[in-house]
Amino acid sequence: MGNNPTQELATDDTTVDDKAPSKAAPPSTSAVNTKTKTDVEREQLFDDGSSDVHTPRKKSTQEILTKYKFKGDAAAAAAHAKQKLMERQEKLARITEQSAELESEAENFATLAQQIRKNMENKWWK
């Protein structure tokens, strides 16, 4: 291994920063920098001043319409809502049909199971 010019790096040897390094760091910086990656992440999480997390706010009707690209056009919003309603109605119709088929198959299975049970009971008692 002494002949191998490549050097293995551990996660402790690297730090995560948003800033680009000003110059290349010498390979011996891992001995100087004692902070681990988890320490750096912990500092970033609990740093009070640089957090750009904001509390949610109530949006206006115009903002909602703009977000959904209706731009105040009530007809487009109504058409979109009608289209979604029709899609849901089709899905419900398919689900109703599938559940009716499943119910019919379950009844057929129950009838078949009863017939098999009766046949087995008749064979058992004879």
Side-chain angles (χ1 to χ4, degrees):
M1 278 225 201
N3 297 344
N4 191 355
T6 60
Q7 184 181 37
E8 288 189 34
L9 295 176
T11 56
D12 293 340
D13 295 337
T14 59
T15 57
V16 179
D17 290 330
D18 291 337
K19 301 173 189 171
S22 58
K23 60 180 180 178
S28 64
T29 58
S30 64
V32 175
N33 189 0
T34 58
K35 287 186 179 180
T36 63
K37 184 178 179 181
T38 55
D39 291 338
V40 172
E41 290 174 347
R42 185 174 290 129
E43 286 178 4
Q44 289 175 351
L45 282 173
F46 292 110
D47 186 24
D48 293 332
S50 66
S51 177
D52 46 323
V53 176
H54 59 281
T55 58
R57 64 176 180 84
K58 191 172 183 179
K59 294 182 179 180
S60 69
T61 306
Q62 187 61 38
E63 287 175 318
I64 294 170
L65 291 174
T66 303
K67 180 179 180 182
Y68 293 103
K69 299 179 180 148
F70 298 123
K71 299 183 181 176
D73 186 13
H80 181 71
K82 185 176 181 179
Q83 178 185 358
K84 291 291 186 179
L85 180 64
M86 296 301 289
E87 289 173 5
R88 289 183 188 117
Q89 193 173 23
E90 290 172 4
K91 287 180 185 179
L92 284 173
R94 280 189 303 238
I95 290 171
T96 303
E97 183 180 313
Q98 290 172 351
S99 64
E101 289 176 12
L102 186 60
E103 183 180 4
S104 173
E105 290 175 10
E107 288 174 0
N108 291 341
F109 180 77
T111 304
L112 181 62
Q114 287 176 353
Q115 289 174 356
I116 292 173
R117 184 179 53 96
K118 286 180 183 178
N119 287 341
M120 294 304 287
E121 283 178 356
N122 289 339
K123 286 182 182 179
W124 229 50
W125 292 107
K126 289 185 179 183

Open item on the list: Looking at L92, is its backbone amide N or carbonyl O close enough to the side chain of T96 to form a donor-acceptor pair, meaning the two atoms are under 3.5 Å apart?
Closed with: yes
- [ ] Quick one: which residue pairs count as a salt bridge (charged side-chain N to carboxylate O under 4.0 Å, His left out) with a foot in residues 99-119, not counting sequence neighbours?
- [x] R117-E121
Task: Non-neighbouring partners of I116 that pass side chain to side chain contact (heavy atoms under 4.5 Å, CB included), sequence neighbours left out - done: L112, M120
Open item on the list: Using the side chain to side chain contact (heavy atoms under 4.5 Å, CB included) criterion, which residues pair with K84? Sequence neighbours excluded.
Closed with: H80, E87, R88
Task: Qualifying residues under side chain to side chain donor-acceptor pair (under 3.5 Å), relative to T111, sequence neighbours excluded - done: none
